[in-house]
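Have a look at the structure below before the remarks.
Below, chains carry the letters A, B, ... as their sequence lines are ordered, and counting in each starts from 1. The shown structure was predicted, so the numbers you read here are calculated from the model rather than taken from an experiment.
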Amino acid sequence: MKYPVRVRFAPSPTGTLHLGGARTALFNYLYAAKHKGCFHLRIEDTDVKRSKQEYVDEIRDSLRWLGLNWDGPIVFQSERKTNHRYAVRQLLKADKAYRCFCTVEELKKERENAIKSGMGYQYSGKCLDLTLSQIKLKINGAEPFCVRLKIPRGMTKFTDLIYGKISVMNKEIDDFIIQRSDGNPTYNLTVVVDDSDMEITHVIRGEDHLTNTPKQILIYKMLGKRIPKFAHLPMILGPDMKRLSKRHGASGVQEFHRQGYLPQALLNYLALLGWNPDTDQEIFTVDELINNFRIEQVQKKAAVFDEKKLLWVSGQHMAQSSSKELFDRIRRLNPDWQIDTDKDYLLRIIDIQKKRIKKLSEIITQSDFFFEDPGTYDPKTAKKRWRDETINKLIRGYIHRLSQLEEWTEKTLESELRELAEEMNVGASKLIHATRLAITGIPHGPSLFLLMELLGKAICLRRLKVALERLPLLLDSDEEGVGS
RNA sequence: GGCGCGUUCGUCUAGGGGUCAGGACAUCGGGCUCUCAAUCCGGAAACACGGGUUCGAUUCCCGUACGCGCUACCA
């Protein structure tokens with residue numbers, strides 16, 4: 001039973017790539033990588049009305065961003081119509097399928113009646129009994145028809161790699177349509193023909209396809225094709241326990257991209273959603289995911305998407321990533337970010353920030369004070385940390401010491417401050433908080449002395465002096481802040 | 001309605017006939033600390049329900065409930 005593994009991810013371009021699709025793609029990718037097989041991308045665009053080129057582009061870009069690279073060219077289902085029609089003709093010829101001349105309206109009425117009377121609806125099989133001459137007459141009269149599969153008696157069974165043994169009585173399966181009256185084949189037919197032609201060995205897809213599988217197996221058998229193995233992945237749910245969708249806010253891969261998540265973090269989180277690695281490890285590189293991945297370890301139960309945990313995973317990956325990589329990603333996310341600033345300086349900022357924030361975007365939004373003097377001072381903090389005249393005295397003293405300082409390092413900056421505090425008989429933190437406010441304008445941020453070292457002597461002295469002029473004004477005024 | 005699938009802390013999960021039902025995120029409390037974050041320590045928090053089988057069931061079996069999916073000339 002040794003044959004190369006070939007899997008595929010087959011989204012329909014009727015929407016953007018969402019988290020469920022991304023996870024399906026990921027598990028296919030992991031399975032292929034783990035078994036040294038290949039991973040293909042097929043776009044299922046047989047629904048002409050709903051398929052859009054922009055979605056094809058979006059799905060492709062999302063997969064690339066995630067790093068889920070596929071082998072070979074993208075297969076477009078719409079370009080494979082000849083093969084689909086050939087299969088339909090074969091089934092027709094072998095009397096395994098039949099033409100149905102019922103109109104959509106007729107069928108709709110039948111279904112409504114059936115539902116009204118509380119019965120489960122199945123196609124009546126009306127056209128199954130048409131005689132050859134009747135069929136010819138209708139065809140000659142250019143009556144439109146679709147093609148239905150003639151479901152045989154019996155039972156269809158298969159063993160799902162995740163769900164185990166599944167069996168269905170064939171009588172539960174309707175004579176479903178495999179070709180529309182416009183000549184276009186439908187999903188259950190195309191998927192079989194394409195998977196078969198692409199020699200897919202393992203069909204890994206969402207659980208919503210579990211009940212389609214027996215139908216497809218029937219087609220494989222009728223066509224005399226080898227049946228691949230199946231693995232169905234549990235659904236991803238929103239907080240309301242419903243299948244995740246746009247309704248739940250962010251669910252598209254690109255939205256997470258834009259929000260500044262790292263692709264490896266998203267993959268890591270998605271992998272953990274519904275799969276257990278059999279260890280206590282939570283943070284994985286993609287290579288580690290590949291090595292550890294076992295499809296048998298995938299859950300049967302649907303999982304709720306939890307952005308809080310994603311955020312935590314993201315923070316872990318941020319801290320682990322090289323500043324160079326983060327820099328490149330920030331630039332790709334936001335090409336204009338500090339474009340005139342020296343790259344080494346930016347790299348040092350990232351060194352400092354990556355340990356305390358969780359997304360790329362936070363490096364951008366929380367680093368202003370590295371580039372510009374504070375325009376305003378946080379009023380609450382000003383009231384708290386710059387309460388009286390003694391602060392002015394302390395800051396003046398610190399300025400004095402700093403201006404004479406030769407070696408401008410985190411260490412010397414700190415010792416100067418602490419010596420001063422002791423000399424003046426105040427707690428060091430009092431001075432530290434005031435200095436932070438003067439230098440950044442806000443009450444939180446990375447280590448003050450590290451920050452000051454990086455900013456350099458000139459800037460720090462300037463900011464301290466300016467603060468000395470502006471902050472005491474806050475004491476007298478009732479205004480909510482001191483603007484520039 | 002029919003069929004299929006599922007059900008362990010709020011969430012992701014481990015476990016499996018006898019366990020203090022374990023871990024992670026989130027949450028709460030504390031330590032460290034110049035703030036925020038990170039980190040460390042600690043707390044609260046779960047076997048859907050009912051019947052069997054058994055000395056014993058969260059674990060095995062059968063039901064019920066609930067949820068999800070499919071039931072389209074969507075994929």
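Within 4.0 Å (heavy atoms only), Gln353(A) reaches no atom of the nucleic acid at all. Base engagement by Leu448(A) is indicated by at least one non-hydrogen atom pair under 4.0 Å involving a base atom. If you check every strand for non-hydrogen atoms under 4.0 Å, Pro446(A) touches a base.
On the P atoms, rC20(B) is 27 Å away from rC12(B), given to the nearest whole Å. Nucleotides rU7(B) and rU13(B) place their P atoms 11 Å apart, quoted to the nearest Å. Taking atom C1' on both nucleotides, rG15(B) is separated from rU8(B) by 9 Å, rounded to a whole Å. When the C1' atom is compared between rA46(B) and rA24(B), the two are found 15 Å apart, to the nearest whole Å. Atom name C1', nucleotides rG6(B) and rA44(B): the rounded distance is 29 Å, in whole Å.
Centroid-to-centroid, the aromatic rings of Phe293(A) and Phe27(A) come within less than 6.0 Å. For Phe256(A) and Phe305(A), the ring centers sit closer than 6.0 Å to each other. For Phe9(A) and Trp70(A), the gap between ring centers reaches or exceeds 6.0 Å.
For the side-chain contact (heavy atoms from CB on, under 4.5 Å) with Ile178(A), the qualifying choice from Val193(A), Leu91(A), Leu92(A) is Leu91(A), the only one to do so.
Taking atom CZ on Arg356(A) and atom C1' on rC36(B), their separation rounds to 5 Å, with Å as the unit. For the pair Ile166(A) CD1 and rG6(B) C1', the computed distance is 11 Å after rounding to whole Å. Nucleotide rA38(B) holds its P atom 11 Å from the CD atom of Glu362(A), rounded to whole Å. Atom NZ in Lys300(A) sits about 16 Å away from atom P in rG4(B), given to the nearest Å. Atom CG in Asn276(A) sits roughly 11 Å away from atom C1' in rG15(B) (whole-Å rounding).
Ion pair Lys215(A)/Asp174(A) not flagged as a salt bridge, since none of the NZ, NE, NH1 or NH2 atoms sits closer than 4.0 Å to an Asp/Glu carboxylate oxygen.
Under the Watson-Crick or G-U wobble criterion, with both distances below 3.5 Å, rC55(B) is paired with rG18(B). The partner of rC68(B) is rG4(B), by the rule that a Watson-Crick or G-U pair needs both atom distances under 3.5 Å.
Remark: the backbone N or O of Gln366(A) is paired with a side-chain donor or acceptor of Gln353(A) at under 3.5 angstrom.
With hydrogens and angles left out, the side-chain atoms of Arg205(A) and Thr213(A) include a donor and acceptor closer than 3.5 Å.
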Verify side chain to side chain donor-acceptor pair (under 3.5 Å) between Tyr269(A) and Glu307(A), making sure each step is shown before the conclusion. CA-CA 9 Å; Tyr269(A) 174 71; Glu307(A) 188 163 356; over 6 Å; no

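Close to rU8(B), at under 4.0 Å from its OP1 or OP2, lies no side-chain N or O of Gln299(A). In this structure, Arg418(A) reaches the rC34(B) phosphate: one of its side-chain N or O atoms is under 4.0 Å from OP1 or OP2. Taking only side-chain nitrogens and oxygens, Lys355(A) never comes nearer than 4.0 Å to OP1 or OP2 of rU39(B).
Sequence neighbours left out, the pairs with a member in residues 151-191 of chain A that pass ring pair (Phe, Tyr, Trp, His ring centres under 6.0 Å) are Phe158(A)-Phe230(A), Tyr187(A)-His209(A).
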Could you run through nucleotides 21-26 of chain B and give me one letter per nucleotide, 5' to 3': B if any protein heavy atom sits under 4.0 Å from the base, S if only the sugar-phosphate is that close, - if neither? --SBSS

Nucleotide by nucleotide, 5' to 3', does protein get under 4.0 Å of the base (B), only the sugar-phosphate (S), or neither (-) in nucleotides 68-75 of chain B, counting heavy atoms? SBSSSBBB

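Under a cutoff of 6.0 Å and an axis angle of 45°, Arg80(A) and Phe76(A) do not form a cation-pi pair.
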